[in-house]
Structures are given as C-alpha cells and as structure tokens.
Amino acid sequence: MPQLILEDLNLETAERRLCSEALNTAGNIVGAADLLGITRHALKRRIIKLGIEWPPARGGRSEPQT
C-alpha cells in the first residue's frame, strides 16, 4: 500500500483518510478491513461514525426514481 502523508495530526482526519484509501484500494468493505487489520464490522462502524459515503455515488448526479 502506498504511503500516506497527513497534513496534520488530527486523529479523526487520519482515520477517515485511512478508511477511505483502504476502501478505494480494495473496492469493498471486506478487502478494506483486511488491509486495515480490523473486522468488517469494525470498519462498518467507522464508516458510519466518520460519515464516509460507501459505496460512492456513481456519475456525480442522482436520477429521480419513478
């Protein structure tokens, strides 16, 4: 995994960045949790706590459902 450079020492910001990078690298929660060395349940709790959008929105705009 590539090295991450943190702009500051804020723990919540670092945790959000690590989770986001792991999710983007792995492409799914199970793989990202494995990269981070935590369970998928622990990662799901962090996603909710940190307000990370997962899975990411596709296309940048939402279409109304009929």
Side-chain angles (χ1 to χ4, degrees):
M1 181 177 259
Q3 286 188 348
L4 296 175
I5 298 173
L6 301 174
E7 289 78 32
D8 57 29
L9 296 177
N10 182 291
L11 186 57
E12 187 173 328
T13 302
E15 187 176 21
R16 180 178 290 109
R17 178 114 184 260
L18 284 168
C19 290
S20 294
E21 290 291 330
L23 286 163
N24 289 330
T25 299
N28 60 58
I29 290 176
V30 174
D34 189 47
L35 287 172
L36 295 169
I38 60 177
T39 66
R40 67 183 177 92
H41 294 292
L43 180 55
K44 287 176 85 170
R45 285 192 303 270
R46 283 175 173 82
I47 289 169
I48 293 167
K49 179 184 105 174
L50 299 168
I52 297 171
E53 183 182 340
W54 189 260
R58 295 183 185 251
R61 63 178 190 186
S62 60
E63 295 181 18
Q65 296 188 358
T66 56

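Just so you know, residue 1 is the first one in the sequence shown, and it goes up from there. In this text, all values refer to a predicted model and were calculated from it rather than measured experimentally.
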Could you work out, with side chain to side chain donor-acceptor pair (under 3.5 Å) as the rule, every residue matching [X], not counting sequence neighbours?
| X | answer |
| --- | --- |
| T13 | N10 |
| K44 | none |
| N24 | none |

Review point. Which value, rounded to the nearest 0.5 Å, describes the distance between D34 atom CG and R40 atom CZ?
Key: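 Going from the CG atom of D34 to the CZ atom of R40 covers 13.0 Å.
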Review point. Can you tell me how far OG of S20 sits from CD1 of I47, rounded to the nearest 0.5 angstrom?
Key: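 Reported value, rounded in 0.5 Å steps: 8.5 Å.
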Exercise for review: Determine the minimum heavy-atom distance between A32 and A26, stating which atoms define it.
Suggested key: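 Looks like N-CB, 3.3 Å.
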Review point. So which heavy atom on L23 is nearest to which on L43, and how close?
Key: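 So the minimum-distance heavy-atom pair works out to CD2-CD2, 4.1 Å.
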**Study point:** Results of side-chain contact (heavy atoms from CB on, under 4.5 Å) for R17 - residues two or more places apart only
**Key:**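 Scan of R17 (side-chain contact (heavy atoms from CB on, under 4.5 Å), adjacent residues dropped) gives L4, L6, E7, E21.
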Could you give the side-chain donor-acceptor pairs of residues 48-57 under 3.5 Å, partners two or more places apart or in another chain?
unit_1, atom_1, unit_2, atom_2, d
K49, NZ, E15, OE1, 3.3
E53, OE2, A57, N, 2.9

**Study point:** With sequence neighbours excluded, residues passing salt bridge (charged side-chain N to carboxylate O under 4.0 Å, His left out) with E12
**Key:**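 Partners of E12 by the salt bridge (charged side-chain N to carboxylate O under 4.0 Å, His left out) criterion, ordered by chain and then number, come out as R16.
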